[in-house]
Chemist: 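Sharing a structure below in structure tokens format, with a few things to ask.
What's counted below: heavy atoms across the whole structure, side chains too, no hydrogens, waters or symmetry copies.
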Amino acid sequence: MLKEISLKGKTALITGGATGIGRAITEELHDAGACVIVVGRREEKLKEVCTKLGCRCSYLVSDITEFEEHKTLIQKAEEIAPLDILVNNAGINYKKDYFAFEPTEWDSIVATQAKAPFFLSQEAAKYMKERGKGVILFISSLAAILGMHNIQAYTVCKSGMKGLARSLSRDLAPSGIRVNSLNPGFVFTDMLKNTNLKTPERLREIQERTPMRGFADPRDLGMAAAFLASDAARFITGIDLVVDGGISSSFLI
């Protein structure tokens, strides 16, 4: 299946593709042969990725919560190359007590992790539908499977991504577009470290409760994304692929 797993000749757009899991996805799609277009707000980070990857990597500076710019963003990407793959990865999280959560914080998380992926996918799918092929990938979370402490707004959005993937997979399959979600477990990224800085014991607990022990490497998610984006997964749509070392399927305490 070396031919089918290759992404040579395909073009992928990755939101939030310059840091964390998004960067790993960018690097693995590129390693599989794809041309990658990285989207984010911080140009210095975008340039850093493109400098590292060299050819077949370009970037677009954009704030995906500026919804009126979605059409222009996808148009610019299509001018670089017709999009075969869209990865909705960009995300934020506020970890705080449920009763202290503010409406503005809710709006910020929903805008980034629910509204933006919904409408960005809508724009990209218009072009994919015309060509009769494409892949849309949403990044979900273990929070959509297990109840987690003080991240309720984040959980709402990530649960929604799983449902949106299922619903869109039904509606877009006749147009040759596959839609899936990728569900990371605990991945050792800056976001994980920053949200647990005040509770280092939480990091130890996570490692001990994961059957395979430790944390996922961001590359584990990148390789899973590359598989779902490839022709090796040509008959897979509407699933939530969990990469978590077994924590969601175990009762390890």
Side-chain angles (χ1 to χ4, degrees), residues 7 10-18 21-22 25-26 29 34-41 46 58-93 106-141 144 153-183 225 228-230 233-234 236-241:
L7 296 177
K10 297 183 184 294
T11 299
L13 185 148
I14 307 97
T15 67
I21 292 173
I25 291 173
T26 296
L29 295 183
C35 295
V36 292
I37 304 171
V38 192
V39 175
R41 293 177 296 178
L46 300 171
S58 54
Y59 70 85
L60 294 170
V61 179
S62 180
D63 180 349
I64 61 169
T65 64
E66 299 293 335
F67 304 107
E68 66 277 2
E69 294 183 9
H70 283 183
K71 184 175 182 178
T72 300
L73 173 61
I74 297 300
Q75 284 177 339
K76 287 181 178 179
E78 285 279 331
E79 289 170 5
I80 295 172
L83 286 180
D84 299 286
I85 304 157
L86 170 65
V87 181
N88 291 289
N89 166 77
I92 58 173
N93 188 15
W106 162 271
D107 291 340
S108 178
I109 290 179
V110 171
T112 304
Q113 299 196 149
K115 188 174 180 180
F118 185 101
F119 287 104
L120 202 57
S121 298
Q122 185 185 76
E123 288 298 327
K126 292 175 183 177
Y127 290 92
M128 293 176 178
K129 188 174 181 179
E130 290 179 358
R131 293 188 285 266
K133 61 178 182 178
V135 174
I136 296 174
L137 184 61
F138 297 99
I139 306 303
S140 183
S141 168
Y154 178 84
T155 298
V156 168
C157 294
K158 291 303 188 179
S159 299
M161 289 302 92
K162 291 178 59 175
L164 179 58
R166 286 194 297 269
S167 180
L168 278 182
S169 70
R170 167 62 182 86
D171 289 343
L172 297 181
S175 299
I177 303 170
R178 295 189 296 107
V179 187
N180 293 296
S181 57
L182 179 61
N183 197 319
L228 287 176
S230 75
R234 69 174 192 85
I236 299 175
T237 193
I239 71 157
D240 183 47
L241 178 60

Chemist: Is the shortest heavy-atom distance from the side chain of Val87 to the side chain of Ile139 under 4.5 Å?
Modeler: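 Touching, per the 4.5 Å side-chain cut-off.
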Chemist: Does Leu168 form a side chain to side chain contact (heavy atoms under 4.5 Å, CB included) with Ile177? I'd like the steps, not just the answer.
Modeler: CA-CA 9 Å; Leu168 278 182; Ile177 303 170; over 6 Å; no
Chemist: List the steps and the verdict of side chain to side chain contact (heavy atoms under 4.5 Å, CB included) for Leu228 and Val135.
Modeler: CA-CA 8 Å; Leu228 287 176; Val135 174; 5.8 Å; no
Chemist: Rounded to the nearest 0.5 Å, what separates atom CD1 in Ile74 from atom CD in Gln122?
Modeler: 11.0 Å
Chemist: Given the rule in the side chain to side chain contact (heavy atoms under 4.5 Å, CB included) test, do Leu60 and Ile37 qualify, once you have shown the distances and angles that lead to the verdict?
Modeler: CA-CA 7 Å; Leu60 294 170; Ile37 304 171; 3.9 Å; yes
Chemist: Taking atom OG of Ser108 and atom CG of Asn93, what is their separation to the nearest 0.5 Å?
Modeler: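 Answer rounded to 0.5 Å: 10.5 Å.
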Chemist: At what distance, to the nearest 0.5 angstrom, does OG1 of Thr26 lie from CD1 of Ile21?
Modeler: 12.0 Å
Chemist: Would a distance-only check, ignoring hydrogens and angles, find a side-chain to backbone donor-acceptor pair under 3.5 Å from Ser167 to Gly163?
Modeler: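 No, Ser167 side chain to Gly163 backbone: no donor-acceptor pair under 3.5 Å.
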Chemist: Name all residues meeting the ring-ring contact (aromatic ring centres under 6.0 Å, His included) criterion together with Phe119; count only those two or more places apart in sequence or in a different chain, and write none if there are none.
Modeler: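 Partners of Phe119 by the ring-ring contact (aromatic ring centres under 6.0 Å, His included) criterion come out as none, since no residue qualifies.
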Chemist: What side-chain donor-acceptor pairs closer than 3.5 Å can you find for residues 75-84, not counting sequence neighbours?
Modeler:
{"unit_1": "Glu78", "atom_1": "OE1", "unit_2": "Arg131", "atom_2": "NH1", "d": "3.0"}
{"unit_1": "Glu78", "atom_1": "OE2", "unit_2": "Leu83", "atom_2": "N", "d": "3.1"}
{"unit_1": "Glu78", "atom_1": "OE2", "unit_2": "Arg131", "atom_2": "NH2", "d": "2.8"}
{"unit_1": "Asp84", "atom_1": "OD2", "unit_2": "Thr11", "atom_2": "N", "d": "2.8"}

Chemist: Checking Thr15 side chain against Asn88 main chain: does a donor-acceptor pair fall under 3.5 Å?
Modeler: no
Chemist: For Leu29 versus Ala12, what's the shortest heavy-atom pair and its separation?
Modeler: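 Scanning both residues, the minimum pair turns out to be CD1-CB, 3.8 Å.
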Chemist: Within the distance-only criterion (no hydrogens, no angle test), does the side chain of Gln113 pair as donor or acceptor with the backbone N or O of Ile92 below 3.5 angstrom?
Modeler: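 Yes, Gln113 side chain to Ile92 backbone: donor-acceptor pair under 3.5 Å.
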Chemist: Could you report the tightest heavy-atom contact between Ala114 and Met161, atom names first, then the distance?
Modeler: CA-CE, 3.9 Å
Chemist: Check whether any side-chain heavy atom of Phe138 sits under 4.5 Å from a side-chain heavy atom of Asp240, and report yes or no.
Modeler: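 Side chain of Phe138 against side chain of Asp240, heavy atoms only: no contact under 4.5 Å found.
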Chemist: Between Asn180 and Leu241 (side chain of the first, backbone of the second, donor and acceptor by atom type, cut-off under 3.5 Å), is there such a pair?
Modeler: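 Pair absent, no side-chain N/O of Asn180 close to backbone of Leu241.
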Chemist: Once you round to the nearest 0.5 Å, how far does CZ of Arg41 lie from CD of Glu66?
Modeler: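 The CZ atom of Arg41 sits 10.0 Å away from the CD atom of Glu66.
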Chemist: Please lay out, stage by stage, how Met128 and Leu172 fare under the test side chain to side chain contact (heavy atoms under 4.5 Å, CB included).
Modeler: CA-CA 10 Å; Met128 293 176 178; Leu172 297 181; over 6 Å; no
Chemist: Taking all non-hydrogen atoms of both residues into account, name the closest pair between Asn89 and Ile14 and its distance.
Modeler: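 It is CB-CG2, 4.4 Å.
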Chemist: If you measure from CD1 on Ile64 to NZ on Lys115, what distance do you get to the nearest 0.5 Å?
Modeler: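 The distance works out to 12.0 Å.
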Chemist: Do any N or O atoms from the side chain of Thr237 and from the backbone of Ser169 form a donor-acceptor pair under 3.5 angstrom?
Modeler: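 Between the backbone of Ser169 and the side chain of Thr237 there is no qualifying donor-acceptor contact (under 3.5 Å).
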Chemist: Can you tell me how far the OG atom of Ser159 sits from the CG atom of Leu164, to the nearest 0.5 Å?
Modeler: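 Result: 12.5 Å between the selected atoms.
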Chemist: Please find the pair of heavy atoms, one from Val39 and one from Ser62, that lie closest to each other, and give the distance.
Modeler: CG1-CB, 4.0 Å
Chemist: Could you pull out the closest heavy-atom pair between Arg178 and Arg234, with the gap in Å?
Modeler: CD-O, 3.1 Å
Chemist: Quick check: closest heavy atoms across Asn183 and Ser140, and the distance to 0.1 Å?
Modeler: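 That closest heavy-atom pairing would be ND2-OG, 3.6 Å.
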